[in-house]
Amino acid sequence: MASSGNLSVLALLISLAVTTLISPANSLTCSSQSFTNNKLYTQCADLPSLSSYLHWTYDSANSSLSVAFIAPPAQSDGWIAWAINPTGTGMAGAQTLLAYKNSGGAMAVKTFNISSYSAQSIVEEKLAFEVWDTAAESSDGVFRLFAKVKVNTGQVNHVWQVGPSVSDGFPAKHAFDGPNLQAKGTLTLTGTNAGTTTTTTAADSKTKKKNIHGILNAVSWGLLFPIGIIIARYLRTFPSADPAWFYLHVFCQVSAYAIGVAGWATGIKLGSESKGVVYKGHRNIGIALFSIATLQIFALFLRPKKDHKYRLYWNIYHHSIGYLILVLGIVNVFKGMDILNPAKHWKSTYIITIAVLGGIALFLEAVTWIVVLKRRSSKSTKPYDG
Ligand SMILES: *[C@@H]1O[C@H](CO)[C@@H](O)[C@H](O)[C@H]1NC(C)=O
Ligand SMILES: *[C@@H]1O[C@H](CO)[C@@H](O)[C@H](O)[C@H]1NC(C)=O
């Protein structure tokens, strides 16, 4: 496993080096793209996500914008879409042009008014502005969407997207990975610096927040809590580790809890900022984790004395909640990684770390059993002293 982790890091470095070598910042891929139908556009941009390109000509005299949008659909029978959002920056409010292959195999273009994120509010109807001369074609795994639209402002927010399939003329939901969510920007049509800018600052700070959230929670729920449990379960077998194991355990779990609360708060904040996109499972597990961990911390103050008759029940309760946190914490770290979709080596690093902890636990489990069994047999050989 370690070598596959190293290999993926190496592959990443090589692919980074190759892409920086073959695409110097100032040469655009789009400027080498041409169109079969002799269409010419005055401007083009390599869009920053989903391997997409936009070509356009703006005629300010009559406010007509002619565009060609090029992208590979998520699957060969999928769809590609380009939209102008006159009222916001994301998908909600997007006036959308969508190109797909219909059941007869011919390319078709439809317009959708997307008022919010739910499927019911994606309605095939006329857009808020005039649209004409729509056409689409496909070749080499890439779809091309052509259209002319009336735009009265010098700058528009645009959104683009690719999806996996179309059934009965209705597009299936697209993925919600990083590149899908970052597929938006601003298109400047007039003036000297006409071009595209992406809302990189906003997107970057969002990504940064998500990364911080991910690191805090992976360290807390995914690492410190399990280590704390290992300490409690295995160190206490050794009489010489008493009471050190207890303080180590408490230290581990209290710091895990503190970091976890910070991570949890960033998650709730992220959830409230992400309108329309809800990761129900991840969110619910997160809330459950926070609640039972809080309970666990407070249960410390209710701990009966060692020889109290209820101490056994308290122990059973404390241990089961502890193992529940262990399982849910690790599950939620993986769920979170699926959402955040970080570079592969982060996931493999985490898997390796958990596997190593699991290996240590397994080894200590064996040692504990040996120690306990030895202790028992040495006790039973002792003369009975009544
Ligand atoms: C705008 O002007 C261009 C060039 O003169 C012309 O081709 C196009 O049809 C006009 N569009 C509209 C909406 O009048
Ligand atoms: C798009 O849908 C919203 C919500 O149903 C509606 O308010 C709006 O008028 C529609 N826009 C167009 C251009 O039909």
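Counting starts at 1 for both ligands and their atoms, in listed order.
- Under the side-chain hydrogen bond (donor to acceptor under 3.5 Å, both in side chains) rule, Gln95 has a single partner from Thr87, Asn85, Asn113, which is Asn113.
- If you number the atoms of ligand 2 from 1 as listed, the ones under 4.0 Å from a heavy atom of Ala128 come out as 13 (C).
- Between Lys148 and Glu130 no salt bridge is recorded (no basic side-chain N to carboxylate O distance below 4.0 Å).
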Asn217 vs His213, side chain to side chain donor-acceptor pair (under 3.5 Å): CA-CA, chis, key distance, verdict: CA-CA 6 Å; Asn217 285 302; His213 167 78; 3.1 Å; yes
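- Heavy atoms of Lys126 found under 4.0 angstrom from ligand 2 belong exclusively to the backbone.
- Under the 6.0 Å cut-off for aromatic ring centres, Phe69 and His55 do not qualify, their centroids lying 6.0 Å or more apart.
- For atom 7 (O) of ligand 2, no protein heavy-atom neighbour is present inside the 4.0 Å cut-off.
- Looking at Leu127 against ligand 2, only its backbone comes within 4.0 Å, counting heavy atoms.
- Of all the listed residues (Ile114, Thr111, Asn113, Ile122), Asn113 holds the heavy atom that lies closest to atom 3 (C) of ligand 2.
- Here the heavy atom of the protein found nearest to atom 14 (O) of ligand 2 is Glu125 OE2, 3.4 Å.
- In this structure, OG in Ser165 is found 14.0 Å from NZ in Lys101, a value given to the nearest 0.5 Å.
- Between the side chains of Tyr58 and Ser64, no donor-acceptor pair of N or O atoms lies under 3.5 Å.
- Atoms of ligand 2 lying under 4.0 Å from at least one heavy atom of Ser115, given by number and element, are 2 (O), 3 (C), 4 (C).
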